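Below: one structure, written as structure tokens.
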There are 2 protein chains.
Amino acid sequence: MTHGSSPSFPGHLQDTLVEVLAAVFTVRPTKDGGASLDVLLWQRGQQPDAGKWSLPGGMLLSAEDVDDSARRQLAEKVDLTRVSHLEQIGVFSAPHRMPDARTVATGFLGLVPLDADPSLPPDTAWHPVGALPSTAFDHGRIIDQAHRRLQAKLSYTNIGFALAPAEFTVAELRRIYATALGHDVDPTNLHRILLRRGMLAPTGTTGPRNPVGGRPAALHRFTIAELRVTDPFAAFRPRDAEGPTRQPPPR
Amino acid sequence: MTHGSSPSFPGHLQDTLVEVLAAVFTVRPTKDGGASLDVLLWQRGQQPDAGKWSLPGGMLLSAEDVDDSARRQLAEKVDLTRVSHLEQIGVFSAPHRMPDARTVATGFLGLVPLDADPSLPPDTAWHPVGALPSTAFDHGRIIDQAHRRLQAKLSYTNIGFALAPAEFTVAELRRIYATALGHDVDPTNLHRILLRRGMLAPTGTTGPRNPVGGRPAALHRFTIAELRVTDPFAAFRPRDAEGPTRQPPPR
DNA sequence: ACAAAAGTGTTCGCGCTACACCCATGC
DNA sequence: GCATGGGTGTAGCGCGAACACTTTTGT
């Protein structure tokens, strides 16, 4: 019997390529004083899908895992070294998602803080998620799933740290959250929820003076610079128990 | 400039293989009247890692995506056709996770209902998650991640449908949840939470008589047989808004 | 009548939304 | 002083945990 992961396989499996694709988001101020959630894309110069816009990424090398590969490709190909968060979204493996060789992609969600504003290669640009250009292959689906993941995690993790600049006012943070979520956010509740969860701390210093008057805003920063689940939403769990105990079941 | 997913690549990339591995869980009654959460494993007969226990799975074929592949391999290799739920866990791609050829695995969480009890090939067996034998390669990590995913989703989705038999009493369902979660569960709250969420419905019929007396239990069933998020836990969201609106940000 | 098991009602606490109110600054 | 925007207090609500109580069966 030869079931399982033994390395015996039909010859045509040699043709399967493994690539990594990252949907990198950032919040960028717009000219009209608003903000937009943008994703980083580059325009294909050659067939197939010439002229369409692709996610940055490329082939997995033999000495790296997919996470390392995503970081490397973002640094090499679009000069992004300050990626504040990166996580797997899923595998995209429809047999003919690429027209030539069979290629399986691991999709990633990447985030870049608002104040990073890296220099980009000429054929690369930020595009508003709400108004995407024509995208290559299945990259539109990857962007969509990454966006949904971001929206979900904004509410039950501290993932906002990866979009916010080092220091910010609550009003600025509200704009970032509202832009990424696609709906308005109450700055009152945002402030206190993140404070209660211990994710936010005032720096003590005061923010930029508003020329038109008004109380100057206190500057804040995130206390933790890596992903942390802040709302375990664990139903059915006894109140006193902490982590999910791995002990044998009752009775 | 050749960034992105163009099919130009160094020759050594041809050696990357793509496999699919499924951690299939089920809740099984034990002799002492309890229950245990078990995972399906098969014992390797050959090197490498001969004698150790592996997850079922195998190589991705050219005409299928990874989800189809997982379903196919479970049906072909361990005769599991009644898999009630299957979802991707993530990509496992450490460069030397397999000693011979470079192999990238897509890990899956699979679930089988308590009343299925399929016939298994001789070298295949259910093992309690709390007392695993020595596992091959990185399969232990895959099992662990799948288990955690299951525990999390039990609280905010209807994923219990995939572990429960077609009809059951609340007490039986309590045992299933407690076994999968690893801690006790209050049958009162379990019952009403699932009722309020519209996931559970009484069949009207009454359950098996208890020989020692007591009120006979009402039989129930899940109303929906596919994964549904029942607790959106979306903080910062205005109360009236429903789904995450994709409209442009405020201001 | 009594025991046993299932199911219901009630209380409590907590976290989040909404909104009115207070504070600090520029003119 | 007054307008403007930032920050705080507070009421209300919905959900889930805990637990006492009622209902239905067997002996």
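Quick note on labels: first sequence line is chain A, next is B, and so on, each numbered from 1. Computed from a prediction, not measured in an experiment: that's the story for all the values here.
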- Item | Gap between atoms CG and P, on B:Leu194 and D:dA17 respectively (whole Å) | 11 Å
- First of A:Thr206 and A:Ile193 reached from the 5' end of DNA chain C, by closest nucleotide: A:Ile193
- note: B:Leu190, atom CG; D:dA17, atom C1'; distance rounded to Å ~ 13 Å
- Note on the structure: In short, the helix from C:dA1-D:dT27 to C:dC27-D:dG1 is bent end to end, axes from five pairs each side, to 10°, by 30°
- Message: Would you say the ring centers of B:Phe168 and B:Phe222 fall short of 6.0 Å from each other?
- Response: yes
- Message: Please determine whether a side-chain nitrogen of the Lys or Arg among B:Arg71 and B:Asp67 lies less than 4.0 Å from a carboxylate oxygen of the Asp or Glu.
- Response: no
- Message: Run the ring pair (Phe, Tyr, Trp, His ring centres under 6.0 Å) test against B:His85 and tell me which residues pass, sequence neighbours left out.
- Response: none
- d(CG, A:Asp231; P, D:dC15) in whole Å: 15 Å
Under 3.5 Å donor-acceptor pairs involving side-chain atoms of residues 126-135 of chain B, not counting sequence neighbours:
none

- Item | Partners meeting ring pair (Phe, Tyr, Trp, His ring centres under 6.0 Å) with A:Tyr177 (sequence neighbours left out) | B:Phe236
- Task: Report the distance from atom CZ of B:Phe168 to atom P of C:dA5, rounded to the nearest whole Å.
- Result: 21 Å
- Message: Expressed as a whole number of angstroms, how long is the span from A:Asp186:CG to C:dA20:P?
- Response: 12 Å
- Task: Mind calculating the distance between CZ (A:Arg196) and P (C:dG13) to the nearest angstrom?
- Result: 17 Å
- Task: Return the set of residues passing ring pair (Phe, Tyr, Trp, His ring centres under 6.0 Å) with B:Tyr156 (not counting sequence neighbours), or none when no residue passes.
- Result: A:Phe233, B:Phe233
- Item | Min side-chain heavy-atom separation A:His183-B:Arg237 under 4.5 Å | yes
- Could you check how far CZ of A:Phe236 sits from P of D:dA18, rounded to whole Å? 13 Å
Provide a list of protein-nucleic acid N or O atom pairs under 3.5 angstrom, restricted to nucleotides 6-12 of chain D.
| from | atom 1 | to | atom 2 | distance (Å) |
| --- | --- | --- | --- | --- |
| D:dG6 | O4' | A:Arg215 | O | 3.3 |
| D:dG6 | N2 | A:Arg215 | NH1 | 3.0 |
| D:dG7 | OP1 | A:Ala218 | N | 2.7 |
| D:dT8 | O4 | A:Thr188 | OG1 | 3.2 |
| D:dG9 | N7 | A:Arg192 | NH1 | 3.3 |
| D:dT10 | O4 | A:Arg192 | NH1 | 3.2 |
| D:dT10 | O4 | A:Arg192 | NH2 | 3.4 |

- Note on the structure: B:Leu154 atom CG is separated from D:dG16 atom P, nearest whole Å, by 14 Å
- So, the side chain of A:His139 versus the backbone of A:Leu55: is there a donor-acceptor pair under 3.5 Å, distance only? yes
- Query: Name the one of B:Asp186, B:Asn189, B:Thr179, B:Asp184 that satisfies side chain to side chain donor-acceptor pair (under 3.5 Å) with B:Arg174?
  - Reply: B:Asp184
